[in-house]
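Heads up: the structure comes next, in structure tokens.
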Amino acid sequence: MKSKKSIGISLVIVFFIVMIVLLISKVIGGTEKDGSSGASLDKLIKHVDYDEKTPVKGSVDLSDSSLYDELPEIDKYPLTLEDKSGDIQIEIFSSPEKAGDGPDSWLIDMAKDFNESQETIDGKVISVSVRNISSGLAADYIISGKYVPTGFTPSSELWGAYVDVQGVKLDVVDDCLVGNVAGFLVSKNSNYKDYKEVITAVQNGEINIGYTNPQVSTTGMNLLVTILSEYGNGDLQSDEAVQAFSSFQRNIPYVATNTIQMRDSSANGSLDGMTLEYQSYIQDKELQSSYDFIPFGVRHDNPMYVCSKASEEQRKALEIFTQFCKQDAGKKAAEAKGFYNNMDYTSNIEIVGKDVKNALEIYKREKDSGQAIIAVFVADVSGSMSGEPLYQLKESLQNGMKYINDTNYVGLVSYSSDVSIEVPIAQFDLNQKAYFQGAIDRMNAGGNTASYDALVVGMKMIEDAKADHPDAKAMLFLLSDGQQNEGYSLSKITGALEKQKTPVYTISYGEEADTDEMAKVSSVNEAASIVADPDDIVYKIKSLFNSNL
């Protein structure tokens, strides 16, 4: 039998062994592939195998490019309501808040009722079809001539003015098909009384607001022209106007592609507010409980336009349908969907087509607020990307790079089982573009998928680059099918990603893409997550780069 002394010694030895094991676990556990989520970036990077390839130049396409060139076929956005039964058939492009389903179905409901009523012109029956399409995208189709409907009802007259200044004729059928307004949603614990106070608070860095891309979203465009007009005393191109917008934009953490993306990514509560239309706000009890609504800008009265290619019969048919929507039954139905509130709200902002065009040009030029942007693209070249997904990835990078300003700093990482720095971060001049293209050209698929190891490398590249550009705005772009099966998991790098505060914009490729996982990555630091549909991937990527880079 062992003595008490020997047992005591044994217990001491065991105690020290346990303590040593715990200490080792604490030191390295967070850096191992199954470690804790609290590991620092420096610890994480130590456990990632990566190399730096010698950049090789490719041939850069310097030809001018337009987003209009990449518009997908209109069937990509199918008719929400299709009725081809009439002798006179009309189609209407409608903004989503009145051509969707549920609380957003007002125009669809009106069109169904109208079609059932069998309205006629000289004995010819009229039928109405409706296509749910965002106002900015609808304007692109009409301007380009790639597809022109009979009627166009955007959220606001701003888009009608924009189409007109591009040399495409639209005639007003009705300037207020259904009433609505745009505004800021601000936390109920704030004390802001009007939109000017909110804008000033953003400029002073007192509040974090998210808003939508003015190139696509009516609310985003409205906010842009409101700031420029308000601070420029009507002259949207004045130095004072541009400086005011730059000051505002400098303190904006997130510009979403659309309202849905913004609301999804801000669900974690990190934003103090956002922009939204009142019709959407009043239909959402959760939003009403958390936010107050403060209107701004021009009204969103959903005008109805007839396009120039419409025949005389189609023009008359659209007028008859518009009158049908304006009857008492139509107005009551609209009120039930949240429209026709704030009808006493007016705006002193007067906007013409050239103002909208100039405002969008200012946005593209000034959206970076004088800040340098550091962007690292993290491209999945694993075996699951073989074939069409990798082809789409390469095509979207190759075409999208035309929309990256040459004043930005860009790097490129590829990964499968291992991670490679294809192009170190450098200013995106012609030389860097050639290296970027060369890296795209030599991408081939194979191996497993270490997505989060690659993001760690991208984060480290950004950290190092910010030593030289401390005031730069950083962002990551993850291009993948989301099917990670090697290396770190998302939970293991989340802490470091949150600490660095770099937004990760994700683009999902392939029919088997794990879009939910990709959306989780983007939600960490409020960024957009898009799905790379083969029919419109190039257009989506160009739009994303155009608005962010």
Side-chain angles (χ1 to χ4, degrees), residues 80 94-111 113 130 132 134-135 153-159 174-199 207 209-212 217-223 226 256 258-267 269 271-304 325-347 349:
T80 313
S94 172
S95 53
E97 74 275 12
K98 57 184 184 291
D101 52 24
D104 301 323
S105 66
W106 175 76
L107 191 63
I108 301 299
D109 297 340
M110 288 296 97
D113 291 345
V130 180
N132 179 337
S134 66
S135 299
T153 174
S155 300
S156 164
E157 63 182 327
L158 294 172
W159 290 111
D174 195 284
D175 57 9
C176 180
L177 183 66
V178 61
N180 202 6
V181 297
F184 287 114
L185 300 192
V186 294
S187 298
K188 284 190 173 292
N189 58 6
S190 64
N191 296 311
Y192 304 113
K193 300 298 188 297
D194 59 46
Y195 72 86
K196 296 178 187 177
E197 291 184 1
V198 178
I199 292 172
I207 184 173
I209 289 286
Y211 76 99
T212 48
S217 162
T218 307
T219 303
M221 179 193 279
N222 195 352
L223 178 59
T226 296
N258 54 49
T259 301
I260 294 174
Q261 284 185 345
M262 181 178 62
R263 287 181 60 182
D264 287 347
S265 63
S266 62
L271 293 179
D272 301 311
M274 65 188 82
T275 58
L276 201 67
E277 289 182 313
Y278 190 82
Q279 180 265 344
S280 296
Y281 169 74
I282 200 64
Q283 293 288 334
D284 193 316
K285 299 299 183 183
E286 185 174 342
L287 287 178
Q288 293 178 59
S289 66
S290 301
Y291 299 99
D292 289 325
F293 182 89
I294 300 176
F296 68 75
V298 301
R299 291 187 57 85
H300 283 202
D301 280 338
N302 299 274
M304 177 68 83
C325 293
K326 300 276 288 184
Q327 293 175 1
D328 287 344
K331 185 173 181 179
K332 289 180 180 178
E335 290 172 344
K337 301 288 187 182
F339 292 102
Y340 285 118
N341 288 286
N342 296 290
M343 293 305 291
D344 57 344
Y345 172 78
T346 59
S347 172
I349 299 174

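Positions are given from 1 along the sequence.
Of the possible polar contacts, none joining the Y291 side chain to the M274 backbone as a donor-acceptor pair under 3.5 Å is found. Side chain of K332 to backbone of Q327: no donor-acceptor contact under 3.5 angstrom is found. For W106 (side chain) and G338 (main-chain N/O), no donor-acceptor pair under 3.5 Å exists by modelled atom type.
Between D101 atom CG and I108 atom CD1 the span is 9.5 Å, to the nearest 0.5 Å. With rounding to the nearest 0.5 angstrom, the OH atom of Y192 is 9.0 Å from the CD1 atom of I294. To the nearest 0.5 Å, the span separating CD on E197 from CG on D194 amounts to 4.5 Å. K337 NZ to D104 CG: the interatomic distance, rounded to the nearest 0.5 Å, is 8.0 Å.
The side-chain heavy atoms of R299 and M343, taken from C-beta on, include a pair separated by under 4.5 Å. Two residues are said to be in side-chain contact when any heavy atoms from C-beta on lie closer than 4.5 Å; L177 and C325 meet this criterion. Residues T153 and K98 meet the side-chain proximity criterion, which asks for heavy atoms closer than 4.5 Å. Side chains of N222 and T275 form no contact here, defined as non-hydrogen atoms less than 4.5 Å apart. In this structure the side chain of I199 never reaches within 4.5 angstrom of the side chain of K196, judged on heavy atoms. Taking the side chain as every heavy atom from C-beta outward, F293 and V181 approach each other to under 4.5 Å. Contact check for F296 versus T219: side-chain heavy atoms found under the 4.5 Å cut-off. Looking at heavy atoms from C-beta onward, L223 lies out of side-chain contact with Y195 at the 4.5 angstrom threshold.
The two residues G100 and T80 come nearest to each other via the heavy atoms O-CG2, 4.5 Å. M110 and A333 make their closest contact through CE-CB, 4.0 Å (heavy atoms, listed as atom of the first residue, atom of the second, distance). Closest approach of G297 to I349, counting heavy atoms only: CA-CD1, 4.1 Å. Nearest approach of S187 to D272, heavy atoms of both residues: OG-O, 3.0 Å. Of all heavy-atom pairs spanning Y340 and K331, the tightest one is CE1-CG, 3.6 Å. Minimum interatomic distance between D292 and K188 (heavy atoms only, all atoms of both residues): OD1-NZ, 2.7 Å.
Under the 3.5 Å distance criterion, with hydrogens and angles disregarded, a donor-acceptor pair is assigned to the side chains of E97 and S155. Residues S280 and D284 have side chains that never bring a donor and an acceptor to within less than 3.5 angstrom of each other.
With sequence neighbours excluded, the residues that form a side chain to side chain contact (heavy atoms under 4.5 Å, CB included) with N180 are E277, Y278, Q279, H300, N302, F339.
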